[in-house]
Amino acid sequence: QVQLVESGGGLVQAGGSLRLSCEASGRSFSTYTMSWFRQAPGKERVLVATTNGNSGSTYYADSAKGRFTISRDNAKNTVYLRMNSLKPEDTAVYYCAARINPYGSTRAIDYEHWGQGTQVFVSS
């Protein structure tokens with residue numbers, strides 16, 4: 001069983017930055033696809049960014065391109081999401097997700113393990 005623990009959310013003004021962290025348990029972290037999703041009130045959970053297992057290649061949703069950076073430290077079993085130039089519309093609960101398959105997916109249903117979520121609130 002993989003356990004994911006997120007941290008780093010909070011309140012920030014528009015234009016500011018945050019870095020989210022997600023530490024995972026398990027011995028095969030480097031092979032997992034790790035992603036960040038977010039869910040705003042009344043909306044569905046959507047992919048923000050992905051880093052594939054083994055290759056570490058990345059994918060970003062259009063809303064994240066140029067502002068967010070996903071990275072991973074396999075030695076620490078941790079994935080990060082650096083968020084710059086934050087906007088009020090980035091306000092959401094951000095979830096870390098792990099997929100055993102090393103090839104990424106944009107669909108939440110394809111991820112077996114989820115963190116508890118961390119709230120990000122961007123004020124205007």
Side-chain angles (χ1 to χ4, degrees):
Q1 182 71 11
V2 177
Q3 292 186 330
L4 305 175
V5 179
E6 300 113 331
S7 60
L11 171 64
V12 64
Q13 289 186 331
S17 298
L18 282 175
R19 190 180 78 158
L20 307 182
S21 300
C22 172
E23 184 173 357
S25 63
R27 300 181 178 179
S28 302
F29 177 80
S30 64
T31 67
Y32 300 159
T33 290
M34 298 298 300
S35 295
W36 289 95
F37 287 76
R38 69 185 183 188
Q39 187 167 18
K43 296 187 177 181
E44 65 179 8
R45 193 173 297 188
V46 296
L47 179 73
V48 176
T50 295
T51 173
N52 285 1
N54 296 328
S55 71
S57 59
T58 58
Y59 169 85
Y60 296 92
D62 288 343
S63 60
K65 288 179 181 176
R67 299 188 301 128
F68 295 3
T69 302
I70 189 170
S71 61
R72 64 194 299 161
D73 185 337
N74 291 332
K76 295 182 178 180
N77 278 18
T78 301
V79 63
Y80 305 97
L81 184 68
R82 176 68 179 183
M83 304 185 293
N84 296 326
S85 302
L86 283 161
K87 306 174 182 179
E89 51 264 44
D90 294 317
T91 295
V93 177
Y94 284 71
Y95 295 92
C96 174
R99 182 180 192 218
I100 305 305
N101 190 314
Y103 296 101
S105 172
T106 62
R107 305 190 310 165
I109 196 173
D110 290 333
Y111 289 78
E112 296 92 353
H113 306 286
W114 292 85
Q116 80 284 357
T118 185
Q119 176 72 54
V120 171
F121 186 85
V122 184
S123 63
S124 57

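What's counted below: heavy atoms across the whole structure, side chains too, no hydrogens, waters or symmetry copies. A quick note: this is a predicted structure, and the numbers were derived from the prediction, not measured.
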Solution key, residues 116-124 side-chain donor-acceptor pairs under 3.5 Å, sequence neighbours excluded:
unit_1, atom_1, unit_2, atom_2, d
Gln116, NE2, Glu6, O, 3.4
Gln116, NE2, Glu6, OE1, 3.4
Thr118, OG1, Gly9, N, 3.2
Gln119, NE2, Ala92, O, 3.3

Flag yes if [X] and [Y] sit in one hydrophobic cluster, no otherwise; membership is Ile, Leu, Val, Met, Phe, Trp, Tyr, and two members link when side-chain heavy atoms are under 4.5 Å apart.
X: Leu20; Y: Val2; answer: yes
X: Tyr60; Y: Met34; answer: yes
X: Leu47; Y: Ile70; answer: no

If we ignore angles and hydrogens, is there a donor and acceptor under 3.5 Å between the side chains of [X] and [Y]?
X: Ser105; Y: Tyr111; value: no
X: Ser57; Y: Asn52; value: yes
X: Asn84; Y: Ser17; value: yes

Can you tell if the side chain of Phe37 reaches within under 4.5 Å of the side chain of Val48, non-hydrogen atoms only?
no
Heavy-atom closest contact ([X] atom, [Y] atom, distance):
X: Phe29; Y: Val79; value: CZ-N, 4.1 Å
X: Ala108; Y: Trp114; value: O-CZ2, 3.4 Å
X: Ala49; Y: Leu81; value: CB-CD1, 4.2 Å

Could you tell me if Arg72 sits above the aromatic ring of Tyr32, with its cationic atom closer than 6.0 Å to the ring centre and no more than 45 degrees from the axis?
no
Could you pull out all residues at least two apart from Lys43 that satisfy side-chain hydrogen bond (donor to acceptor under 3.5 Å, both in side chains)?
none
I need the [X] [atom1] to [Y] [atom2] distance, nearest 0.5 Å.
X: Cys22; Y: Tyr80; atom1: SG; atom2: OH; answer: 10.5 Å
X: Tyr94; Y: Gln39; atom1: OH; atom2: CD; answer: 12.0 Å
X: Thr78; Y: Glu23; atom1: OG1; atom2: CD; answer: 4.5 Å
X: Phe68; Y: Leu18; atom1: CZ; atom2: CG; answer: 9.0 Å
X: Leu4; Y: His113; atom1: CG; atom2: NE2; answer: 7.5 Å
X: Asp110; Y: Ile100; atom1: CG; atom2: CD1; answer: 12.5 Å

For [Y], is there any backbone N or O sitting under 3.5 Å from a side-chain donor or acceptor partner on [X]?
X: Ser35; Y: Ala97; result: no
X: Thr33; Y: Pro102; result: yes
X: Asn77; Y: Ala24; result: yes

Kindly state each residue pair satisfying salt bridge (Lys or Arg N to Asp or Glu O under 4.0 Å) with at least one member in residues 89-103, sequence neighbours excluded.
Arg38-Asp90, Arg67-Asp90
